[in-house]
Amino acid sequence: SQKIEQNSEALNIQEGKTATLTCNYTNYSPAYLQWYRQDPGRGPVFLLLIRENEKEKRKERLKVTFDTTLKQSLFHITASQPADSATYLCALKGPGGGSNYKLTFGKGTLLTVNP
Amino acid sequence: DSGVTQTPKHLITATGQRVTLRCSPRSGDLSVYWYQQSLDQGLQFLIQYYNGEERAKGNILERFSAQQFPDLHSELNLSSLELGDSALYFCASSRTSGGFNEQFFGPGTRLTVL
């Protein structure tokens, strides 16, 4: 069956360091992958989308890689700040093509950046 | 602020009851998605509507139904409520139905079934 796994439920790092979050998937052939940030009690907020033919994408302090051979995406936050503390979710387009659009989310990784 | 509104913010009800959650998408967005988020299951896709028509279905129970109206707002109806239906329910919207669109999430409705 199809599965999305985010490497750990929680990750703690020191301010200024680079946070690296992992998203692994099985039995998918996604055309793209999305990353969202979610703060407690609030809706997810879109951060980045990377397509299967893109190896890497950057936005300010964020960097996402996508390795379709390893079936893995890495999400990096450089020069991390306490304000980056949140849950980060990866999401893949589900099965079915065309207009049968369904986004499947991983359970997320709770990142805590300590001052 | 994503531009997606959801009402009510909180809802407390009893088992066996029926409730309706309401969502207004961002201006110009034609697609609406409903998700359920509980602590153990994470964010689960329920159903998608595009311009009034159902487009994709996830793990939505038969006790749940949804619709999208001509003005593009959407309602999620939950009936014969059980304790396990307690969760955060999110609505999201996107410009079109295509998968490359980012989704904009509303603030959610927290449902508590007692």
Side-chain angles (χ1 to χ4, degrees), chain A residues 1-10 21 23 25 28-54 57 59 62 64 66 86-110, chain B residues 1-6 9-10 21 23 25-26 29-60 87-112:
Chain A
S1 65
Q2 292 161 324
K3 222 188 229 184
I4 301 173
E5 286 184 347
Q6 295 194 237
N7 60 325
S8 57
E9 288 186 9
L21 285 63
C23 177
Y25 58 92
Y28 273 98
S29 294
Y32 57 86
L33 186 147
Q34 300 184 15
W35 282 89
Y36 287 77
R37 168 186 172 139
Q38 185 174 25
D39 291 286
R42 306 191 70 168
V45 175
F46 173 82
L47 296 174
L48 281 167
L49 179 152
I50 185 166
R51 299 172 192 238
E52 61 179 342
N53 59 351
E54 296 175 315
K57 201 147 189 188
K59 180 182 172 184
L62 308 180
V64 172
F66 193 13
T87 295
Y88 291 85
L89 306 166
C90 70
L92 299 174
K93 180 181 179 297
S99 61
N100 292 325
Y101 175 61
K102 167 187 161 182
L103 203 58
T104 302
F105 284 82
K107 289 195 176 178
T109 296
L110 175 60
Chain B
D1 183 359
S2 66
V4 177
T5 60
Q6 288 187 250
K9 197 164 178 150
H10 300 277
L21 312 184
C23 167
R26 284 189 327 155
D29 283 0
L30 299 177
S31 262
V32 167
Y33 312 80
W34 286 98
Y35 293 87
Q36 179 193 59
Q37 187 173 41
S38 57
L39 280 172
D40 56 340
Q41 290 293 320
L43 197 60
Q44 298 286 312
F45 170 76
L46 295 177
I47 197 163
Q48 178 207 357
Y49 281 84
Y50 174 73
N51 206 19
E53 292 186 8
E54 182 184 304
R55 275 296 172 93
K57 223 165 180 174
N59 300 322
I60 187 166
L88 261 172
Y89 290 84
F90 289 106
C91 165
S93 72
S94 67
R95 193 67 62 189
T96 68
S97 181
F100 288 97
N101 292 277
E102 64 182 276
Q103 293 186 14
F104 294 87
F105 282 77
T109 293
R110 183 174 294 280
L111 174 66
T112 303

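Note that these values count all heavy atoms, side chains included, but never hydrogens, waters or copies made by symmetry. Chain letters run A, B, ... following the sequence lines, proteins first, then strands; residues in each count from 1.
- For B:S38, the side chain to side chain donor-acceptor pair (under 3.5 Å) partners two or more places apart in sequence, or in a different chain, are B:D40.
- Note: A:Y36 OH to B:F105 CZ = 5.5 Å, rounded to the nearest 0.5 Å.
- Taking CG from A:L103 and CD from B:E102, the interatomic distance works out to 11.5 Å, rounded to the nearest 0.5 Å.
- Sparse packing is recorded around CD of B:E53, with 12 or fewer heavy atoms of other residues, nucleotides or ligands lying under 6.0 Å away.
- In this structure, CD on B:Q103 lies 6.5 Å from CD on A:Q34, to the nearest 0.5 angstrom.
- The number of heavy atoms from other shown groups lying within 6.0 Å of CZ (B:R110) does not exceed 12.
- One distance of note links CD of B:Q44 with NZ of A:K107; it measures 8.0 Å at 0.5 Å rounding.
- By the 6.0 Å contact criterion, CZ on B:R26 is enclosed, its count of non-hydrogen atoms from other residues, nucleotides or ligands being greater than 12.
- Taking every heavy atom of both residues into account, A:G41 and B:L88 meet most closely at CA-CD1, 4.5 Å.
- For B:Y49, there are no side chain to side chain donor-acceptor pair (under 3.5 Å) partners, not counting sequence neighbours.
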